[in-house]
Amino acid sequence: MDAKRVETISARVDAAVSSPDSVEDELELSAVRHRPEGLEQLEAQTRFSRKELQILYRGFKNECPSGVVNEETFKDIYSQFFPQGDASTYAHFLFNAFDTDHNGSVSFEDFVMGLSILLRGTIQEKLNWAFNLYDINKDGYITKEEMLDIMKAIYDMMGKCTYPVLKEETPRQHVEVFFQKMDKNKDGVVTIDEFIDCCQNDENIMRSMHLFENVL
Amino acid sequence: MASGVAAWLPFARAAAIGWMPVANCPMPIAPRDNSKRQDELIILNVSGRRFQTWRTTLDRYPDTLLGSSEKDFFYNEESKEYFFDRDPDAFRSILNFYRTGKLHYPRHECISAYDEELTFFGIIPEIIGDCCYEEYKDRKRENLERLQDDQEENKDQKLPNMNFRETMWRAFENPHTSTMALVFYYVTGFFIAISVITNVVETVPCGSTANQKDMPCGERYTVAFFCMDTACVMIFTVEYLLRLFAAPSRYRFMRSVMSIIDVVAILPYYIGLVMTNNEDVSGAFVTLRVFRVFRIFKFSRHSQGLRILGYTLKSCASELGFLLFSLTMAIIIFATVMFYAEKGSSSSKFTSIPASFWYTIVTMTTLGYGDMVPKTIAGKIFGSICSLSGVLVIALPVPVIVSNFSRIYHQNQRADKRRAQKKARLARIRISKSSSANAFIQSKRNGLLNELLELTAKEEDEQKLAKSISLLESQHHHLLQCLEKTTAHEFVDEQVYEQNCLERALQTYASRSPSISSHDSSEGTCCGRRGKRNTPLPNASLPSSHQGPLQELSAIHIQCGDPPSRTASRSNLNLKTDNSGRINCKGGRITTAIISLPTPPALTPDGDGLHGPPQRRPPPPPISNSSTDVFTASTVKKD
């Protein structure tokens with residue numbers, strides 16, 4: 001028990017010592033390399049087991065040998081899942097949602113924290129994450145313009161060849177429906193409480209939140 | 001699905017939670033990953049050398065041998081490893097492909113051995129990385145040429161919608177594209193040769209008659225030569241006008257070198273026709289005849305090498321300029337020296353410096369005619385210095401020109417190669433991209449097929465179909481289905497989309513122009529099909545399965561009281577405007593429903609017979625009731 005305590009303390013010290021290195025690495029313009037925090041650290045911070053973290057890291061590092069994903073690579077990777085449409089706008093929003101410290105790149109810690117919320121988090125946390133995704137300027141309110149941007153990005157992923165044919169006003173209509181449902185006090189913005197309240201009362205949304213729990 | 005990013009699929013699926021609050025419909029159920037294997041190390045024994053890797057590394061490319069279940073054939077139970085009796089050296093680069101996602105071509109490998117390995121392991125060579133791809137392709141081509149196996153590169157594929165003018169231009173530029181073009185090419189070449197030979201023979205003395213001295217053939221057989229000349233010029237004029245007509249940019253064509261040569265070749269003839277047989281202008285006329293020799297330059301269209309020579313000379317302009325300049329300098333210097341050296345001697349031919357130019361040039365190019373020779377000792381000394389320096393001055397720039405020519409020639413060959421490669425690669429990338437999109441739509445159809453098979457309770461078939469799609473693919477398709485549900489729109493493929501577009505366009509324009517019905521549009525549109533009244537339906541049972549809705553159409557047709565003299569296509573169009581929205585929707589749904597009906601044997605997936613003229617068909621047999629029931633059942637389900 002004590003040994004483990006010592007281990008975690010030493011791991012934390014190591015992380016503290018190595019973090020200026022990683023900061024330096026990030027400041028380097030060429031050959032940016034980022035080493036993540038130790039396995040125990042991540043195990044403590046996320047809800048993944050050791051093995052799962054190993055698998056995740058191996059996949060991550062294979063795609064991005066430098067240890068960080070920049071926005072271009074992120075867009076590339078995400079676009080490959082949606083060959084019919086243009087996924088770059090939505091990927092941009094997604095990137096901003098994952099890049100919690102807003103430094104322009106997603107490191108393995110960001111990646112794994114995000115995944116931990118999405119796959120193993122409570123409903124509250126997941127809804128929080130979704131709200132954060134929609135709130136583009138992170139001011140705590142979702143305005144109609146922000147929602148319209150997100151909606152257009154989602155519809156862009158569908159591409160041109162859809163049935164029924166996508167019209168210009170379809171995203172706008174969808175936004176109207178969304179706001180009618182979510183905006184309780186009709187003040188034109190959706191706050192986090194309205195959002196969470198409304199989602200918790202909606203059966204469909206609740207059920208779909210549990211959809212991806214067995215992904216990893 | 002795109003290979004190499006399979007590792008990121010869990011991430012993409014997790015991120016789909018962002019769509020959930022926005023979606024209005026419930027999400028489809030996720031496929032279960034029943035075989036929850038732990039990630040394990042796999043041992044690959046290739047002819048004794050053991051390679052080890054994670055199972056998930058190999059699973060990244062499920063359409064290759066190592067990534068699919070095909071490797072189970074090579075599993076060795078006793079040693080618990082996969083044994084392959086292949087070359088371990090080549091296997092290294094193949095395994096690296098799985099690890100890094102990039103396939104490299106090791107230069108020391110023999111090209112055909114490497115190809116065989118790639119084929120064995122199910123990897124297409126096109127995904128070789130850019131660093132090694134050119135080398136690979138070059139080696140492959142060399143090999144093929146050595147085996148005297150010509151690959152037919154498809155350059156200038158006939159585009160589907162080329163009008164007559166574009167076809168003609170293509171025929172002119174590439175004679176190998178069609179027989180007519182080849183005939184034309186050879187005919188013009190023949191006539192160019194005839195014309196040049198005529199010009200040459202014209203001046204040969206033909207043998208004297210009794211009273212006249214030797215005459216050139218041209219003056220003896222004036223009429224014959226004139227006819228020959230006329231014929232050639234006719235052909236050339238026609239050719240020039242045709243090229244001018246077919247050229248995509250006439251102004252640019254007229255400025256190009258080849259067209260100027262063409263014009264210069266035929267102009268003397270016309271000028272000669274216009275001018276009278278005046279004595280004073282006939283001198284100028286004779287000069288114009290010289291320009292007829294330019295016809296020989298028309299051969300450059302027929303010879304790639306000649307064109308390259310011309311291009312080389314153009315690009316070596318600086319070297320040629322230097323050559324000329326240095327020669328001029330040397331000529332002036334030596335001519336001056338020779339003149340002053342020979343000034344003293346009597347009866348010397350070196351009368352002036354310009355007169356000495358001739359001697360200097362003849363000596364420097366080592367021609368040495370001997371019509372002008374120095375007589376004084378000083379003259380002879382300087383003469384010898386002149387000839388020695390001549391050799392040097394000329395020998396220096398010439399290799400530069402030669403190497404330029406060789407470089408440009410090979411560059412030209414390589415540019416053609418690279419252009420063909422690039423087109424093929426882009427085409428394959430496009431195909432693979434569209435195939436992944438089509439895979440999803442195909443699986444949707446298969447999904448409907450599954451549901452209908454459930455109705456007919458064939459358990460084994462359903463299980464077989466469910467297994468044939470890999471877990472990765474099913475997860476990816478589920479992700480796309482979630483997106484569909486979020487936006488309440490479906491993915492369809494190009495043909496159906498165009499069909500729907502045209503149906504909607506017809507709704508708005510059907511009332512206006514009757515010409516739409518006879519408009520010859522592309523294959524996949526309803527309108528085009530309605531126009532084709534002469535295509536008999538391949539399957540007699542096809543109309544019976546949806547005679548129900550067609551009956552409705554014809555019933556409405558009678559109610560509207562349209563005159564029966566109108567063509568069936570017109571009446572269908574009118575009907576469309578009456579019940580446009582609903583019938584269109586059903587039309588779209590009918591297409592999908594037909595695919596999923598297993599009972600009619602040979603169904604065409606497109607709505608070919610859908611809009612056939614109703615009055616031609618026989619009255620519906622009783623089978624229609626049951627099939628329309630199924631049809632309505634499936635439409636209801638889709639709603």
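Chain naming here is simple, since letters A, B, ... match the order of the sequence lines and numbering starts at 1 in each.
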Item to check | Proximal component of A:V175, with respect to chain B [non-hydrogen, under 4.5 Å] | outcome: neither

Item to check | Atom group of A:I150 that falls short of 4.5 Å from chain B, counting heavy atoms | outcome: neither

Item to check | Over 12 foreign heavy atoms within 6.0 Å of CZ, A:F179 | outcome: yes

Item to check | Top contributor to chain B interface from A:T162, A:L166, A:L127 [non-hydrogen pairs under 4.5 Å] | outcome: A:T162

Next on the checklist: Using side-chain contact (heavy atoms from CB on, under 4.5 Å), reason through B:T487 and A:M157 one step at a time and then give a plain yes or no.
Outcome noted: CA-CA 10 Å; B:T487 56; A:M157 283 197 284; over 6 Å; no

Item to check | Heavy-atom pair count under 4.5 Å with chain A, highest-scoring of B:M20, B:H478, B:M27 | outcome: B:M20

Checklist entry - Non-hydrogen atoms of chain B under 4.5 Å away: do they reach the side chain of A:I154, the backbone, both or neither? => result both

Checklist entry - Using a cut-off of under 4.5 Å for heavy-atom pairs, which of A:F111, A:F178, A:F131 has the most such pairs with chain B? => result A:F111

Next on the checklist: Within residues 184-203 of chain A, which residues come under 4.5 Å of chain B, heavy atom to heavy atom?
Outcome noted: A:F195, A:C199

Checklist entry - CD1 of B:I29: more than 12 outside heavy atoms within 6.0 angstrom? => result no

Checklist entry - Got a sec: does the NZ of A:K75 have more than 12 other heavy atoms crowding it under 6.0 Å? => result yes

Item to check | Closest heavy-atom pair and its distance - B:L483, A:M158 | outcome: CG-SD, 3.7 Å

Item to check | Region of A:V69 in contact with chain B, defined by heavy-atom distances below 4.5 Å | outcome: side chain

Item to check | Contacting moiety of A:K181, where chain B heavy atoms sit under 4.5 Å | outcome: side chain

Item to check | Separation between CG of B:L9 and CD1 of A:I77, rounded to the nearest 0.5 Å | outcome: 12.5 Å

Checklist entry - Quick one: are the ring centres of A:F81 and B:F11 less than 6.0 Å apart? => result no

Next on the checklist: Can you give me the closest heavy-atom contact between B:A14 and A:L118, atom names plus distance?
Outcome noted: O-CD1, 3.5 Å

Checklist outcome for this item: d(B:I17 CD1, A:L133 CG) to nearest 0.5 Å is 11.5 Å

Checklist entry - How close do B:H489 and A:V165 get, heavy atom to heavy atom, and via which atoms? => result NE2-O, 4.2 Å

Checklist entry - Parallel, tilted or perpendicular: which fits the ring planes of B:W19 and A:F82, with parallel below 30° and perpendicular above 60°? => result perpendicular

Checklist outcome for this item: Closest non-hydrogen atoms of B:V492 and A:Q84, given as atom of the first, atom of the second and distance, are O-NE2, 3.5 Å

Next on the checklist: Heavy-atom pairs under 4.5 Å with chain A: which of B:G18, B:P21, B:A15 has the most?
Outcome noted: B:P21

Checklist entry - Does NZ belonging to B:K102 count more than 12 external heavy atoms closer than 6.0 Å? => result no

Item to check | Structural part of B:C482 lying under 4.5 Å from a heavy atom of chain A | outcome: side chain

Checklist entry - Considering all heavy atoms of both residues, which atom of B:T486 and which atom of A:H174 are nearest to each other, and what is their separation? => result O-CE1, 3.0 Å

